[in-house]
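This report concerns only the one structure given below.
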Amino acid sequence: MNHLSRRDFLKGVAASGLVLSSINVHAKSYGVIERKETTELSGNVFHLTINKTLVNVTGSPSIATTVNGMLQGPTLRWREGDMVTIHVTNYLDEPSSIHWHGIILPYQMDGVPGISFDGIAPGETFTYTFKVQQSGTFWYHSHSGFQEQTGVYGAIVIEPKEKEPFTYDREYVVLLSDYSDEKPATIYRKLKIASDYYNFNQRTVGDFFAEVKEKGFWEAWQARKMWNQMRMSDRDLSDVTGYTYTFLMNGHSPSKPFQALYRAGERVRLRFINAAAMTFFDVRIPGLKMRVVAADGNNVQPVEVDEIRLGVAETYDVIVEPKNSQAYAIFAQAMDRSGYALGNLTTNPNIYAKVPKLDQPQPLTMADMGMGMHMADMKKMPMKHNKYALKKPVPITQLPMRWGVGTTMRAKNPQYRLDDPGVGLRNNGRRVLTYADLRSLRSTKDDKYPDREIILHLTGNMERYMWSINGIPYHEADPIRFRYGERVRITYINDTMMNHPMHLHGLWSDLETGDENHLVRKHTIISQPGSKISFRVTVDAKGAWAYHCHLLYHMKDMFRKVVVT
Amino acid sequence: MKNLFLQLLLFATLMSSTFAGSGGDILRATFTADSLEYQANFDERAIYWDTYGYIGYDINKLYFYSEGEKPHRESANSENQLLYSRAIAPFWDVQIGVGLDRANEKYKSWAVIALAGLAPYFFETRAALLVGGNGNIGLRIDLEYEALLTQKLILTPKVSSEAYTKNEPRMGYGAGLSNLTIGARLRYEIKREFAPYVGIEWSKNFGNTRKYSPFNELYLVGGVRFWF
Ligand SMILES: [Cu+2]
């Protein structure tokens with residue numbers, strides 16, 4: 001199973017010796033191996049190795065960290081109900097780990113160094129074993145350092161015990177990621193020194209004059225006023241962009257797109273996974289409706305859409321029915337429109353679909369600043385019409401809060417915006433999936449009513465590139481404590497201008513999408529800038545769990561340990 | 001200069017142990033030459049630099065600033081500061097340290113307290129209050145704005161002024177408003193870290209300072225802005 005012998009390493013290095021001599025390789029002990037084609041592994045016992053691997057994603061060689069030499073790592077196919085055993089050997093010069101994203105398991109198997117276990121030291125093997133209690137599309141990734149950015153990720157497909165409520169003839173994993181030849185530590189340092197380093201979509205003097213022409217000087221000035229006073233940019237969409245990233249689909253750059261072959265008349269299931277470090281993707285297949293059947297691995301009431309935003313770490317399963325043996329582009333634009341990942345859904349690998357143009361980026365709005373959306377309407381609206389309010393309020397547990405250097409913005413009037421497709425997708429003429437469209441297939445009406453609520457402010461200072469929860473970075477924060485058996489309602493208030501994909505390990509997040517009877521079960525929830533969103537957690541797993549923003553360069557500080565006793 | 005470097009190094013070691021951040025708050029060091037340029041008009045020519053750098057964390061940093069000029073066939077004049085900088089508000093740092101000026105081949109040291117940060121409407125601002133051993137108090141203010149003509153072509157208007165409470169003929173400072181400099185530089189960022197530029201600047205001495213140096217010049221500048 002691709003367990004690499006020492007000889008393989010040497011061969012790999014020798015074969016690429018010429019190229020390697022021109023780049024700086026810090027291979028202390030385990031050498032650099034050659035990249036292999038991504039394959040699928042199935043069964044009960046798996047052997048994974050984490051290696052430094054020579055790749056050429058951008059046209060110049062660089063050293064990635066990979067699983068089994070593959071970028072992306074092998075797809076693991078499990079069966080619901082099976083015991084799986086996964087031996088992971090770390091051939092890097094630094095500690096490593098694998099976290100099984102969205103998988104329900106004992107906390108010691110969760111793979112977060114410092115919380116679930118000690119991590120996997122260089123040269124060591126850690127054996128994960130747990131019972132697979134769920135089915136659907138998930139993924140795995142390293143939870144050490146910045147290894148997720150440099151390639152330690154792959155897909156997990158779990159076959160269900162019972163028949164699925166939909167059918168298809170063929171399926172593909174469509175895993176999206178972002179790759180850079182720059183070292184992640186370099187990217188992070190640059191963000192700390194100049195947080196707009198990668199943003200080449202900033203406001204220009206010309207933009208202002210265009211607005212003056214459109215609405216007159218006074219109006220244009222007034223529109224800018226709030227942003228100028230707050231020293232914030234309505235063009236601040238992504239911290240890291242296509243300036244340094246090449247966006248990948250199943251490890252393929254757009255110059256050599258991923259090929260998804262189908263036969264005429266087939267229904268194709270696409271398992272979309274956003275395994276990027278920092279990039280939100282907006283996915284569409286021009287010419288095809290996508291029928292969304294699952295979100296984060298859990299079945300939902302089918303909904304037909306043209307476009308889906310995948311926050312970092314989210315997964316969506318869709319079924320498409322391509323017609324007339326045509327070729328279709330699987331087009332995944334980065335949220336800030338600085339580039340895209342590309343696939344080709346075709347009956348003939350020599351026929352390529354026309355690639356659509358990138359959309360124009362949209363600026364952020366006052367709603368994204370937490371200034372409310374329909375303020376006038378809100379006043380008219382009686383409270384009972386607010387479908388996101390709890391029928392009967394529950395006690396709120398106050399958590400420590402700190403406003404100061406690390407917090408530049410405070411959402412004054414944060415709103416539930418589940419029906420808001422988000423910046424870049426608003427009024428684009430396409431049917432875009434929103435959280436308000438998601439309804440779980442199973443009924444949730446008998447689920448326990450929340451016992452209490454906690455409010456978490458997602459906070460930051462973009463100028464200094466500082467991130468935190470409740471204004472307090474992880475290393476200065478006490479753990480969040482849950483009682484085993486309780487049901488907690490968690491509300492995020494996003495006091496920043498960024499989307500944060502928040503991921504709670506080990507416990508499901510039941511998202512309130514406006515239908516008490518069909519809360520949708522997720523592992524990662526996007527909190528939109530300046531907004532409010534609520535979900536419920538049944539605390540059914542003891543131990544210590546990680547809880548964090550899944551943007552890699554936010555994660556270290558926008559992080560909490562959750563202790564369940 | 002060597003001494004300064006040693007002190008800097010010592011402070012850095014001290015900082016990394018005392019103020020060490022953790023998690024995402026990494027130790028970082030950076031140097032910026034905001035201007036490194038040649039200034040010229042029909043009468044005068046000079047090399048001018050305006051640089052700063054820091055080492056530290058999100059909240060606590062050690063900063064240095066060095067600004068100066070070397071007029072043709074004259075010795076260099078400069079204003080240098082070394083300060084402990086602490087973030088006190090989302091956009092503002094307060095800085096405390098020492099300053100050393102060099103003028104007419106003489107030196108003067110100051111105690112310095114400064115406020116640096118980003119003012120509303122995106123004005124990069126720094127105001128430094130200097131206190132000399134002889135009771136002279138100086139105020140130096142810099143204001144800068146970055147106007148993006150395109151994503152890479154950036155116009156930077158800049159205003160700086162200096163004022164003192166006492167006459168110090170030895171150093172060339174006169175009481176009252178002493179100098180006002182207004183300039184604009186147009187740079188092209190070949191990459192973020194490297195941008196050649198051209199510009200124009202007007203600088204005038206006022207009040208008593210004019211007795212020591214009646215400087216009042218309009219000149220062109222050309223140089224490079226870089227950081228690492
Ligand atoms: Cu975040």
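All chains are named by letter (A, B, ...) in the order of the sequence lines, taking the proteins before the strands, and each is independently numbered beginning at 1.
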Which residue out of A/H554, A/M232, A/R224 racks up the most heavy-atom pairs below 4.5 Å with chain B?
A/M232
What residue in A/Y474, A/Y197, A/Y465 has the most heavy-atom pairs under 4.5 Å with chain B?
A/Y197
When the 4.5 angstrom heavy-atom criterion is applied to A/M462 and chain B, the contacting part is neither
Please work out which of the three classes, parallel, tilted or perpendicular, describes the rings of B/Y121 and A/W221, given edges at 30° and 60°.
parallel
Inspect the surroundings of OH in B/Y107 and state if more than 12 heavy atoms from other residues, nucleotides or ligands are less than 6.0 Å away.
no
Side chain / backbone / both / neither for B/T150 at chain A, heavy atoms under 4.5 Å:
backbone
Grab the two heavy atoms, one from B/P90 and one from A/G404, that are nearest each other, plus how far apart they are.
CG-O, 3.5 Å
For the pair B/R192 (side chain) and A/A194 (backbone), establish whether a donor and an acceptor sit closer than 3.5 Å, ignoring hydrogens and angles.
no
Using a cut-off of 6.0 Å, state whether more than 12 heavy atoms not belonging to B/F31 lie near its atom CZ.
yes
Please say whether the positively charged group of B/R28, taken as NZ for Lys or CZ for Arg, lies over the ring of A/Y188, i.e. under 6.0 angstrom from the six-membered ring centre and within 45 degrees of the axis.
no
Given heavy-atom pairs under 4.5 angstrom as the criterion, report whether the side chain, backbone, both or neither of A/M558 touches chain B.
neither
Using a cut-off of under 4.5 Å on heavy-atom pairs, state which of B/L155, B/T32, B/L153, B/D93 scores highest against chain A.
B/D93
With a 4.5 angstrom heavy-atom cut-off, which part of B/A89 approaches chain A: side chain, backbone, both or neither?
backbone
Given the rule in the side chain to side chain contact (heavy atoms under 4.5 Å, CB included) test, do B/L148 and A/R203 qualify, once you have shown the distances and angles that lead to the verdict?
CA-CA 7 Å; B/L148 274 65; A/R203 285 191 70 85; over 6 Å; no
Please step through side chain to side chain donor-acceptor pair (under 3.5 Å) for the pair B/Q151 and A/Y243, ending with a clear verdict.
CA-CA 12 Å; B/Q151 297 299 324; A/Y243 177 75; over 6 Å; no
Quick check on A/W467 against chain B: is it the side chain, the backbone, both or neither that has a heavy atom closer than 4.5 Å?
neither
Does any backbone or side-chain atom of B/W227 lie under 4.5 Å from a heavy atom of chain A? Answer side chain, backbone, both or neither.
side chain
Contact check, side chains of B/Y54 and A/I193, non-hydrogen atoms, under 4.5 Å
yes
Pairing residues for B/E79 by the salt bridge (charged side-chain N to carboxylate O under 4.0 Å, His left out) criterion, not counting sequence neighbours:
B/R140
Can you confirm whether more than 12 heavy atoms, excluding those of B/N41, are under 6.0 Å from its CG atom?
yes
Counting only heavy atoms closer than 4.5 Å, note whether A/K190 contacts chain B via side chain, backbone, both or neither.
side chain
For B/F123, which atoms come within 4.5 Å of any heavy atom of chain A: side chain, backbone, both, or neither?
neither
Which heavy-atom pair separates A/V205 from B/L149 by the least distance, and what is that distance?
CG2-CD2, 3.8 Å
Compare every heavy atom of B/K152 with every heavy atom of A/F200, then report the nearest pair and how far apart it is.
CE2-CE, 4.1 Å
In chain order, what residues pass the side chain to side chain contact (heavy atoms under 4.5 Å, CB included) check against A/M466, with sequence neighbours excluded?
A/K192, A/V405, A/N461, A/R464, B/D58, B/I59
Side chain, backbone, both or neither: which part of A/T408 has a heavy atom under 4.5 Å from chain B?
both
So which part of A/E463 gets closer than 4.5 Å to some heavy atom of chain B, the side chain, the backbone, both or neither?
side chain
